[in-house]
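These numbers were taken from a predicted model, which means no experiment stands behind them.
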Protein chains: 2
Amino acid sequence: MWERGYASTSPRKILDRAEVGQGSMYHHFGSKEVLAAAAFERSAAATLARAESVLAGSEEDAASRVVGYLLAQRDVLLGCPVGRMASDPDVLASDSLSAILRTTFAQVRALLTEVIATGIAAGGLRAADPAELADTVLAVVQGGYVLARAEGDAEPFERAVRGAAAMLRTDGERGDRAKR
Amino acid sequence: MWERGYASTSPRKILDRAEVGQGSMYHHFGSKEVLAAAAFERSAAATLARAESVLAGSEEDAASRVVGYLLAQRDVLLGCPVGRMASDPDVLASDSLSAILRTTFAQVRALLTEVIATGIAAGGLRAADPAELADTVLAVVQGGYVLARAEGDAEPFERAVRGAAAMLRTDGERGDRAKR
DNA sequence: GTCTATAACTCGATAGAC
DNA sequence: GTCTATCGAGTTATAGAC
């Protein structure tokens, strides 16, 4: 589902990949939606964990952690395992699936807001509303995925996050120092 | 298709909305893909025209035009009529549809790059690579749509673009002056 | 617990009357 | 140029043997 999205991933394709019969799947999961919720919950937890490991580390200063989140390695052309789901009408129509989407974004947003506020206080990031900047950072990453997939090329993503890093840091030119 | 995406918009739904029979549609368009290309070309042209009207205006200074693009009114919860298509595997698999996607983004990117370069030279925008910042601006908007749709609420979009405007302008605090 | 078979439906597309 | 009827394939889900 990470590869093809929710609607485009039919039970048939899942069964072929898993090399089991229909019965097995419907024995363990009541429906495609329940299966998707289990899979999505897993990948969302993994995504959140990686965000936490970059943002909550205590070795680097707050500004470098925010920039590190922007510049972190990602499977750009596959798309974000979380954000990708937001474009599927079937996902938004499902309470269980859209709930995972909302809570995961809310958790990363909260983390980012806190680290950004710390970074502004310490002087490494430019002064502005931390809540707004947290959504700006989230949007740059999510939008970078969109641009890269549209182009079939990771470059637009890389340009977008480098530009954002340069804008955020008070020493703009060294904005990409942290992870490169 | 703007409302539901390409894959999720079946010929049946189009015919119901248009109040015509199957025959009419297949008389004028060879396939769903051809129909979608015609519709997509229209909405992409309209989207590009609105971007041009904000970015290519000569009354405001370059920095205000970039901020104006960020803060322009949009149907946030519907999603970007162009960017929305990038998340559909069927669209990316179609040469005719993905070509519209690529060229439209390329055109807005070129416009943005030029205006941003002018704005940096004039001192209204912070100094950085204009090509990177152009993708940053595009990504903030596209990502803002993703966040807003995930939440079912336009607020994350508004925060993201306001944060970006504040970061871009040399007088960050008044970044949202242009259009509010 | 897993399998095959199949139900009930929708998909995109075509046929042929009018 | 538009209509209704229908095709074959694929969808999500269920039935029932093993």
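DNA chain D is contacted by both B/Gly23 and A/Tyr6; B/Gly23 maps to the nucleotide lying nearer its 5′ end (nearest heavy atom per residue).
Rounded to whole Å, the distance from CD on A/Gln22 to C1' on C/dA8 is 14 Å. The distance from atom CG of A/Asp90 to atom C1' of D/dT11 is 12 Å, rounded to the nearest whole Å. Separating the CZ atom of A/Phe29 from the P atom of C/dG1 is a distance of 13 Å, rounded to the nearest angstrom. Whole-Å rounding puts the A/Ile14 CD1 to D/dG10 P distance at 17 Å. As rounded to whole Å, 15 Å separates atom P of C/dA15 from atom NE2 of B/His27. Going from atom CD of B/Glu19 over to atom P of D/dC3 covers 10 Å, rounded to whole Å. One can place NZ of A/Lys13 at 15 Å from P of D/dA13, the figure rounded to the nearest angstrom. Residue B/Met25 contributes atom CE, which lies 8 Å from atom C1' of C/dG12 at whole-angstrom precision.
Between B/Val115 and B/Tyr69, the closest side-chain pair of non-hydrogen atoms is not below 4.5 Å.
A/Ser24 has a side-chain polar atom (N or O) that falls below the 4.0 Å cut-off from OP1 or OP2 of C/dC3. A close approach under 4.0 Å does occur between a side-chain nitrogen or oxygen of B/His28 and OP1 or OP2 of D/dT2.
Around CD of A/Glu3, the count of heavy atoms belonging to other residues, nucleotides or ligands within 6.0 Å does not exceed 12.
Between the A/Arg149 side chain and the A/Leu77 main chain, a donor and an acceptor come within less than 3.5 Å of each other. Judged by distance alone, the side chain of A/Arg84 and the main-chain N or O of A/Trp2 form a donor-acceptor pair under 3.5 Å.
In the set C/dA13, C/dC3, D/dC3, D/dC3 carries the atom at the smallest distance from any side-chain atom of B/Val20. Of the listed nucleotides (C/dC3, D/dT11, C/dT6), D/dT11 has the atom at the smallest distance from the side chain of A/Ser10. Among D/dT11, C/dA13, C/dC11, the nucleotide with an atom closest to any side-chain atom of B/Tyr26 is C/dA13.
Stacking of A/Lys32 on the aromatic ring of A/Tyr26 is not recorded, the 6.0 Å distance cut-off and the 45° axial limit not both being met.
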